[in-house]
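Below is one structure, written out as structure tokens, with a few remarks after it.
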Amino acid sequence: MFSVIDCNSFYVSCERLFQPRYENRPVVVLSNNDGCVISRSNEAKALQIPMGAPAFKYENVFKQHNVKLFSPNFTLYGDISSRVMNVISRYADGMEIYSIDEAFLFLEGVTLEQSLIMHREIRERVKKEVGIPVSIGISSTKTLSKAANEIAKNNDKYGGVYNIDIKNVSQYRQDLTNLKVGDVWGIGRRYAELLRSHGVETAYQFSKCDDEWIRKNMSIVGLKTAQELRGTSCLDLEEVRPAKQSIISSKSFGKPVSELTELKEAVSTFTTRAAEKLRSEGEVAGQIRVSLLTNIHKSSDPQYFPSSSAQLMGPTDFTPDLISEALKIVNKIYRKGYLYKKAIVQLYDLRAQDKIQLGLFPKNVNNNEKTIAKNKKIMKSVDSLNNEWGSETVQFGSQGLVKQAGKVGKNKKWFQRRSMRSDRYTTRWNELLKVIC
DNA sequence: TCTGGGGTCCTAGGACCC
DNA sequence: TCTGGGGTCCTAGGACCC
């Protein structure tokens, strides 16, 4: 038996935790640059504000209905997430943290009744100890438990916990008939369109489709989804998170950038971010890729999407080496006369730090043992200083003084706007919640 | 003026090898 | 006159997830 525990409107719930005056009011969390909507309270959903909607298109709705807007505060969300997961883990032998707001459990040797009791308790404990509301779906496969979760979330009458029992044939059929095929986990916009064009509207109809046809049109992945809907488990619990295969740092700029020097500062900073992530994963990268993008939404502007990659001189996690390769690529792909809106730095061909293969000609390249040891020490010091004193306390020259007078990103066109970010209540001493009596 | 960011997996097709 | 076939590796592109 599987279950999936999903936090309701997670980012919004995190914000409400520290500012309860926004309960019962429409609340929205925006993406970086306050670009589009990435989390909505039920009240905001009721105003027909879609997920992913560009904020500027809904300005009137926001004003008219007094919608509270937040810039994203991922530091806060990450910390609250780990508290939620911590509570859940007390109940489970096997648990898979699927995303920042979601976890799967695998349950053996419990009856349905016992499972329902346990999950109601999980729901109460998470609400009481962390303050976040969750919905829970239970069934015999992961895909069915996600479907049950949809039902739990959208029907108050089930008290946040719902179970799909494939043995109760008529109910099972009813549940899957009520579920639109596009709402099935694993069926996105494209496949939903394809299926609808073949007269398949509901999850139940999809589960009755011909295997050969599914395999041919939706690959093995689609076939597994169909089988899971029929009650055959094809997707196991992944308790150990597999090592990352790539690390990306990609951000839109606050304002369009046309100058090479500014692009290089941005790419240096993104590379620094990616390298930090790389080290925290205990991995090294063999290749790096840099892409630049003009604003795809502005069709009147000339468009240009160059990108190129480079093999590193031996796998590394040393920020200066990564920056220097990234900047070589920028020099190569940059063309004057375009308004760039976004840059992407991607590290891949990753492997564990302790599996670095030394260079064949160690004197000529940067990965002989001595250099590696020295570089490791340097990065360790930089990381711990930045952890202790805030990011960008130690910067690399090519970033172009991102932090000045304690302010990060000031006067940098490419730096992102985050004007409505709440405080990092749980991770910064100087941003602790103040209670005034 | 203003449209997110970070991931995974699968497949087809080309290059290359023997 | 007849000009293979099996296998691997790599990459780009497309689908999906939250």
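The figures here come from the full heavy-atom set of this structure, side chains too, leaving out hydrogens, waters and symmetry mates. Below, chain A is the first sequence line, B the second, and so on; all start at residue 1.
Put simply, CG on A:Asp34 is 13 Å from C1' on B:dT1, counting in whole angstrom units. The separation between A:Met420 atom CE and B:dG4 atom C1' is 14 Å, rounded to whole Å. Rounded to an integer number of Å, the gap from OH of A:Tyr348 to P of B:dT8 is 14 Å. Counting to the nearest Å, the P atom of C:dA12 and the CD1 atom of A:Ile344 are 14 Å from each other. Taking atom CD of residue A:Glu96 and atom C1' of nucleotide B:dG7, one finds them 14 Å apart after rounding to whole Å. If you take CE of A:Met51 and P of C:dC18, they are 9 Å apart, rounded to a whole angstrom. For the pair A:Arg189 CZ and C:dA15 P, the interatomic distance rounds to 9 Å; values are reported in whole Å. With rounding to whole Å, A:Met85 atom CE is found 11 Å from C:dC18 atom C1'.
Remark: A:Lys146 is not in phosphate contact with C:dC16, judged by side-chain N or O atoms under 4.0 Å from OP1 or OP2. Taking 4.0 angstrom as the limit, A:Ser252 places a side-chain polar atom (N or O) nearer than this to OP1 or OP2 of B:dG5. A:Ser250 has a side-chain polar atom (N or O) that falls below the 4.0 Å cut-off from OP1 or OP2 of B:dG6. Phosphate proximity of B:dT8 to A:Arg241: absent, as no side-chain N or O sits under 4.0 Å from OP1 or OP2. Within the structure, every side-chain polar atom (N or O) of A:Lys298 is placed at least 4.0 Å from both OP1 and OP2 of B:dT3. Close to B:dG7, at under 4.0 Å from its OP1 or OP2, lies a side-chain N or O of A:Lys277. Side-chain N/O atoms of A:Lys342 include none lying less than 4.0 angstrom from OP1 or OP2 on B:dG4. Dashed line: the shortest gap from a side-chain N or O of A:Ser246 to OP1 or OP2 of B:dT8 is under 4.0 Å.
Among the protein residues, A:Ile247 comes within range of the sugar-phosphate backbone only, with heavy atoms under 4.0 Å from sugar or phosphate atoms but none that close to a base. Contacts of A:Tyr191 with the nucleic acid, taken as non-hydrogen atoms under 4.0 Å apart, involve only primed sugar atoms and P, OP1 or OP2. Here A:Arg273 lies out of heavy-atom contact (under 4.0 Å) with every strand. Within the nucleic acid shown, A:Val29 has no heavy atom closer than 4.0 Å to any nucleic acid atom. A:Ile296 comes within 4.0 angstrom of no nucleic acid atom, judged by non-hydrogen atoms across all strands. Residue contacts for A:Lys255: at a heavy-atom cut-off of 4.0 Å it reaches no nucleic acid atom on any strand shown. Nucleic acid contact for A:Lys224: none, since no nucleic acid atom lies under 4.0 Å from a heavy atom of the residue. Nucleic acid contact class of A:Lys216 (heavy atoms, under 4.0 Å, all strands): none. Residue-level contact check: A:Asp101 touches the backbone only, with heavy atoms under 4.0 Å from sugar-phosphate atoms and none from bases.
Out of C:dC18, B:dG5, B:dG7, the shortest distance to the side chain of A:Glu102 is found at C:dC18. Residue A:Asn32 has its side chain nearest to B:dG5 when only B:dG5, B:dT3, B:dG7 are considered. Of the candidates C:dC16, C:dC18, B:dC2, the closest approach to any side-chain atom of A:Ser99 belongs to C:dC18. Distance from the side chain of A:Tyr98 is smallest to C:dC18 among C:dC18, C:dA15, B:dC10. Nearest to the side-chain atoms of A:Gln245 among the listed nucleotides B:dC2, B:dT8, B:dG4 stands B:dT8. With B:dC2, C:dC18, B:dT3 as the candidates, the nucleotide lying closest to the side chain of A:Trp185 is C:dC18. In the set B:dG6, B:dT11, B:dT3, the nucleotide with an atom closest to the side chain of A:His297 is B:dT3. Of the listed nucleotides (B:dG5, B:dC2, B:dG7), B:dG7 has the atom at the smallest distance from the side chain of A:Ile248.
Checking side-chain atoms of A:Ser249 against main-chain N and O of A:Ala274 turns up no donor-acceptor pair under 3.5 Å. In terms of modelled atom types and a separation under 3.5 Å, the side chain of A:Lys277 and the main chain of A:Ile248 share a donor-acceptor contact. Of the possible polar contacts, one joining the A:Arg16 side chain to the A:Tyr22 backbone as a donor-acceptor pair under 3.5 Å is found. A:Asn155 contributes a side-chain N or O that, together with a main-chain N or O of A:Ile151, makes up a donor-acceptor pair within less than 3.5 Å. Between the side chain of A:Arg230 and the main chain of A:Ser207, a donor-acceptor pair closer than 3.5 Å is present. Proximity of a side-chain donor or acceptor of A:Arg428 to a complementary backbone N or O of A:Asp423 within less than 3.5 Å is not detected.
Comparing A:Asn295 and A:Ala243 against DNA chain B, the residue whose closest nucleotide sits nearer the 5' end is A:Asn295. Nearest-nucleotide positions on DNA chain B place A:Phe74 closer to the 5' end than the other of A:Phe74 and A:Val221.
Across all strands shown, C:dG5 is found opposite B:dC18 as a Watson-Crick or G-U wobble partner, with both distances under 3.5 Å.
Using a cut-off of 4.0 Å between Lys/Arg side-chain N and Asp/Glu carboxylate O, A:Lys413 and A:Glu259 are scored as not salt-bridged. A salt bridge links A:Lys412 with A:Glu265; the closest basic N to acidic carboxylate O contact falls under 4.0 Å.
Going from the C1' atom of B:dC2 to that of C:dC18 covers 24 Å, rounded to whole Å.
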